[in-house]
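Heavy-atom basis, side chains included; hydrogens, waters and symmetry copies ignored. One-based numbering, in listed order, for ligands and for the atoms of each. Treat the numbers as computed from the prediction; the structure is a model and nothing was measured.
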Amino acid sequence: MEIIERIKDMQAYSQDLRVEGKVISFVPTMGYLHEGHLSLMKEGRKRADVLVVSVFVNPTQFGPKEDLAKYPRDFDRDRSMMETVGVDVVFAPTVEEMYPDGYQTYVEVDEVTKNLCGMARAGHFRGVATVCAKLFHCVLPHIALFGRKDFQQLRVIERMVKDMNMDVGIIGMPIVREPDGMAMSSRNEYLNPKERKAALCLVKAITACRELFDNGERRVGALLDRAVGVVMNEETARIDYIRLAHTETLNDLVGVVWEKALLALAVYIGSTRLIDNTVLGEEFEKC
Ligand code: PAF
């Protein structure tokens, strides 16, 4: 497994592969890997000749009140995990390499960033779109894989790629859950054992809402009430948002769900903000 830190070296490596006719798959990450990341890598491995993974904690997607310095990091652990799934190249640039002095260009995706996490985390998706555009220009992948846990992020990247005519296929992969249903996330690391138990209210809310939907309930208000009720039962939880949204535009649904709906949740457990989601009308991912 090769580790590349410089943009020019990464581009030269990928350009050579492309000349040889090799297919490159790419998984962007901020490190502190878990099974969710590995599932993206395994799929990337299957679909291409060469698998590139980036490890870069991107400062531009953290708000001023979000603790960038506290974001968990352990490159040695990440490296061993990547070796187990056959990653060929790790692209691990420094912040100075990605955002040198004088840097001033950003990518703004419009409508699809306005609701859900876009409301609570001003500038977050500007940072995500910018770094992904830059990473695509460094890695030159044919395909890139993203998890559906960050459902809005996936839609933002799909939109950016389409609108900017980027020649990268975007693949959305199912959420990977712990045996008790908790969605895997690097942020789970922040939870103490009591909070980890309390955090199950997110998946419990999803399960309860799905049950209601499967029994024929289609009123948006009734479906949301069920999810909100479950989370409010957990005394350490504080709701940032719980919404039913259109699966493509991510606009709030009103009235009834006609076919499918994204149930999206952002909930604070202590000081940790967790997100989870499900698409009502589609199968639930197995734990
Ligand atoms: O999902 C993440 O880990 C990040 O938002 C990403 C896509 C690697 C961009 O920094």
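Y71 has its ring centre less than 6.0 Å from the ring centre of F62.
Residue Q61 has at least one heavy-atom neighbour below 4.0 Å for each of these atoms of ligand 1: 4 (C), 5 (O), 9 (C), 10 (O). The contact set between ligand 1 and M30, taken as ligand atoms under 4.0 Å from a residue heavy atom, comprises 3 (O), 4 (C), 8 (C), 10 (O). The distance from ligand 1 to the heavy atoms of V131 drops below 4.0 Å at these ligand atoms: 9 (C), 10 (O).
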Report task. Decide side-chain contact (heavy atoms from CB on, under 4.5 Å) for D78 and H37; before the verdict, give the C-alpha distance in whole Å, the side-chain angles of both, and the deciding distance to 0.1 Å. Result -> CA-CA 10 Å; D78 289 345; H37 294 113; over 6 Å; no

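Applying the salt bridge (charged side-chain N to carboxylate O under 4.0 Å, His left out) test to D240 and every residue at least two apart in sequence or in another chain returns R273.
The hydrophobic cluster analysis finds V230 isolated: no Ile, Leu, Val, Met, Phe, Trp or Tyr side chain comes under 4.5 Å of it, directly or through other members.
Taking 4.0 Å as the cut-off between side-chain N and carboxylate O, D180 and R196 count as a salt-bridged pair.
Residue Q153 has at least one nitrogen or oxygen atom sitting less than 3.5 Å from a nitrogen or oxygen atom of ligand 1, judged on distance alone. The distance criterion of under 3.5 Å between nitrogen or oxygen atoms is not met by T29 with respect to ligand 1.
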